[in-house]
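All values reported here derive from a predicted model rather than from experimental measurement.
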Amino acid sequence: MTDDGPTLTRRAALALLGTAGTALALGRTALAQATVPTAPAPTFSGPGPLTAWNGLGPLIALPQKVPLIRLVDRPPLYETPRAYFQSPFTPASAFFVRSNLSIFPASIDLTTWRLRVAGNVRTPVSFSLAELLQNFEPVSVNAVLQCSGNSRTRFQPRRPGGQWGNGAMGCATWTGVRLRDLLKKAGVKSGSVQVQFQGLDKGAGAPGSGGAEYKKSLDLNDPVLDECIVAYAMNGQPLPLVNGFPVRLVVPGYFATYWMKTLSFIRVLTEPDTNFWMATAYLQPDNPRGTTTPQAVKDKKVKFRPVSSMPVRSFIVTPDETVKVPAGLPVTVQGLAMSGRGAVTKVEVSTDGGRTWRAASLGEDHGRYAFRPWSFAWTPKTAGQYTLAVRATDASGVTQTDQPIWNPSGYLWNTIERQTVTVGQAG
Ligand SMILES: Nc1nc2c(c(=O)[nH]1)N[C@H]1C(S)=C(S)[C@@H](COP(=O)(O)O)O[C@H]1N2
Ligand SMILES: [Mo]
């Protein structure tokens, strides 16, 4: 469990928004931030859940990036605006940014940079970027990267941490070297249990946590290891530095916490990793949905385990709350769906707030770990307020529900998303 460190200003802004109890468009957000810098920090037992699609913050551009919604500056939490999700692939320049430690490298010297593989191996090895590019078979995967705290603003009672709307996710074509090929070069010795990953970022981490080095580990017998890629390209281009240049780990279907940026150290371990980022942070209740209650946590009745695969989710991208739809004319409702637990098999849309559902058409299949676009033709007959909702089903047989999720860290939100639309008289 970890506090992503919202600023006082953000908390204050959230308090105001919560009291107002409204879903806000971005314009009003900036106003709220500007007018309440000194309001007291609320507790996270209130205010109510935020329902705006995106988190709330100013649009700020980091180096190599387009303006993104800044939630926190240091460590950086920048969210991708909704409009970029009109495509099932997210441009690298618009990809969300999140780091747990405050000091991220400002440059990488490729003449000295090496990716090292060490620990319980026959031969410790290291690779330059050129060697990774030239000496290994390149492989690609289309995969969604999603923060485990994506949509944390939906939690009720509210949870501390980055107050993400839905934009702490993105999908890219990742190209690089199979992790297994690198491990093979080093030769994993018997008695090994996990493989640990570390990048180049530094900083104190949560106060008193001992989390000054961001290290994540995967079990050597986890089948996901066979699909892991050490990626040097994102949509065919080098990764932006803040998204992990020169290489990052890609763990298809798993939450982003394992997708180590500026990956530079791979260590084969003979004991399970008990560092802060494995044993204390990024834990979910030990059930598939990752849900429990505040009372059960208080009573110490909850068994936790590290987060791993992402549950099925779906999102309405257009129309958004700024669009006025004319009655009697067709409008296409569009969006994306995804699951880390099996391909998306069905998407359904409701135009009556979730009472009745009809199948949406699935768009092009870019692979089981990618965003699956969907669309739904809708002709609202009469003027008025409508509530659209979307739910997806994946190959594991799970369909999204209205049941909220609750856990102390605000992870794994996948409840049905809704969107209000105003339909006006045509002509
Ligand atoms: N080196 C490094 N890699 C990291 C992290 C980090 O703090 N340091 N954070 C992880 C988390 S929690 C997330 S959500 C993603 C964010 O990736 P992005 O910034 O490319 O969107 O990176 C993951 N990999
Ligand atoms: Mo994250």
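Inter-residue side-chain proximity for Gln163 and Val72 is flagged as unmet; no heavy-atom pair is nearer than 4.5 Å. At least one side-chain heavy atom of Pro246 sits less than 4.5 Å from a side-chain heavy atom of Trp113. With contacts defined as side-chain heavy-atom distances shorter than 4.5 Å, the pair Ile316/Val333 qualifies. When side chains are defined from C-beta on, Arg159 counts as touching Trp406, because their heavy atoms get closer than 4.5 Å. A heavy-atom distance below 4.5 Å is found between the side chains of Phe315 and Arg313. Taking 4.5 Å as the limit, every side-chain heavy atom of Thr351 sits out of range of all side-chain heavy atoms of Val421. Between Trp164 and Leu77 there is a side-chain heavy-atom pair separated by less than 4.5 Å. With a 4.5 Å cut-off on side-chain heavy atoms, Arg289 and Leu412 do not count as touching.
Thr90 places a side-chain N or O within donor-acceptor distance of the main-chain N or O of Cys171, the cut-off being under 3.5 Å. In this structure, the side chain of Gln64 engages the main chain of Leu241 through a donor-acceptor pair within 3.5 Å. With hydrogens and angles ignored, the 3.5 Å screen pairs a side-chain donor or acceptor of Thr262 with a backbone N or O of Leu200. Counting only distance, with no hydrogens or angles, the side chain of Thr270 and the backbone of Gly191 share no donor-acceptor pair below 3.5 Å. With Thr345 contributing its side chain and Thr393 its backbone, the two residues share a donor-acceptor pair below 3.5 Å. The backbone N or O of Phe96 sits less than 3.5 Å from a side-chain atom of Thr80, completing a donor-acceptor pair. Between the side chain of Gln400 and the backbone N or O of Asn414 there is at least one donor-acceptor pair closer than 3.5 Å. Not a single donor-acceptor pair under 3.5 Å links the side chain of Asp394 to the backbone N or O of Ser339. Here the side chain of Trp374 pairs no donor or acceptor atom with the backbone of Leu362 at under 3.5 angstrom. Side-chain atoms of Lys216 do not come within 3.5 Å of backbone N or O of Trp259 as any donor-acceptor pair.
Across all their heavy atoms, Ala392 and Val312 have their closest contact at CB-CG2, 3.8 Å. Taking both residues in full, the closest heavy atoms of Ile229 and Thr175 are given as CG2-C, 4.2 Å, listed atom of the first, atom of the second, then distance. The two residues Leu132 and Val177 have their closest heavy-atom pair at O-CG2, 3.4 Å. Here the shortest heavy-atom pairing between Pro380 and Val325 reads CG-CG1, 3.8 Å.
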### Query
Would Tyr78 and Val242 count as a side chain to side chain contact (heavy atoms under 4.5 Å, CB included) if you check the C-alpha gap in whole Å, the side-chain angles of each, and the deciding distance to 0.1 Å?
CA-CA 11 Å; Tyr78 287 70; Val242 289; over 6 Å; no
### Task
I would like to know whether Asn407 and Thr292 meet side chain to side chain donor-acceptor pair (under 3.5 Å); could you show each step before the answer?
CA-CA 6 Å; Asn407 57 62; Thr292 181; over 6 Å; no
### Query
Passes side chain to side chain contact (heavy atoms under 4.5 Å, CB included), Arg372 versus Val347? Steps please.
CA-CA 9 Å; Arg372 187 76 193 259; Val347 174; 5.9 Å; no
### Query
Given Gln196 and Asp273, is the side chain to side chain donor-acceptor pair (under 3.5 Å) satisfied, shown in steps?
CA-CA 8 Å; Gln196 185 188 61; Asp273 191 348; 2.9 Å; yes
### Query
Hey, mind stepping through Val188 and Asn120 against side chain to side chain contact (heavy atoms under 4.5 Å, CB included) and telling me if it holds?
CA-CA 6 Å; Val188 174; Asn120 196 40; 5.9 Å; no
### Query
Yes or no on side chain to side chain contact (heavy atoms under 4.5 Å, CB included) for Met310 and Asn150, after CA distance, side-chain angles and deciding distance?
CA-CA 11 Å; Met310 303 184 289; Asn150 195 24; over 6 Å; no
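A salt bridge (charged side-chain N to carboxylate O under 4.0 Å, His left out) check over residues 337-360, counting only residues at least two apart or in different chains, returns the pairs Glu348-Arg391. Sequence neighbours left out, the pairs with a member in residues 76-87 that pass salt bridge (charged side-chain N to carboxylate O under 4.0 Å, His left out) are Arg82-Glu321. Counting only residues at least two apart or in different chains, salt bridge (charged side-chain N to carboxylate O under 4.0 Å, His left out) contacts with residues 247-269 are absent.
The side-chain contact (heavy atoms from CB on, under 4.5 Å) test applied to Asn221 returns Asp219, not counting sequence neighbours. Applying the ring pair (Phe, Tyr, Trp, His ring centres under 6.0 Å) rule to Phe89 yields the partners His366; only residues at least two apart in sequence or on another chain are considered. Shown here are the side chain to side chain donor-acceptor pair (under 3.5 Å) partners of Gln385, two or more places apart in sequence or in another chain: Thr422. With sequence neighbours left out, the ring pair (Phe, Tyr, Trp, His ring centres under 6.0 Å) criterion links Tyr258 to Tyr254. By the side chain to side chain donor-acceptor pair (under 3.5 Å) test, Lys303 is found to be paired with Asp286, residues two or more places apart in sequence or in another chain being considered. Not counting sequence neighbours, the partners of Glu227 by the side-chain contact (heavy atoms from CB on, under 4.5 Å) test are Pro252, Tyr369. Shown here are the ring pair (Phe, Tyr, Trp, His ring centres under 6.0 Å) partners of Tyr232, two or more places apart in sequence or in another chain: there are none. Every residue two or more places apart in sequence or in another chain that forms a side-chain contact (heavy atoms from CB on, under 4.5 Å) with Asp299 is listed here: Gln295, Lys301. In terms of the ring pair (Phe, Tyr, Trp, His ring centres under 6.0 Å) criterion, residue partners of Trp378 (sequence neighbours excluded) are, by chain and number, Tyr386.
Summarising the geometry, atom NZ belonging to Lys298 is positioned 10.0 Å from atom OG1 belonging to Thr293; distances are rounded to the nearest 0.5 Å. The OG atom of Ser361 sits 10.5 Å away from the CD atom of Gln334 when rounded to the nearest 0.5 Å. Atom CD of Gln86 and atom CG of Leu336 lie 9.5 Å apart (nearest 0.5 Å). Atom CZ of Phe197 and atom CG of Leu249 lie 4.5 Å apart (nearest 0.5 Å). Taken from CG in Leu183 to OG in Ser192, the straight-line distance is 9.5 Å, to the nearest 0.5 Å. With rounding to the nearest 0.5 Å, the separation of CG in Leu179 from NZ in Lys184 is 10.5 Å.
Here the two rings, on Tyr282 and Tyr411, have centers that are under 6.0 Å apart.
In this structure, Lys185 fails the cation-pi test against Phe127, since its NZ or CZ atom is not both closer than 6.0 Å to the six-membered ring centre and inside 45 degrees of the ring normal.
A salt bridge links Arg418 with Asp402: the distance from a Lys NZ or Arg NE/NH1/NH2 to an Asp or Glu carboxylate oxygen falls below 4.0 Å.
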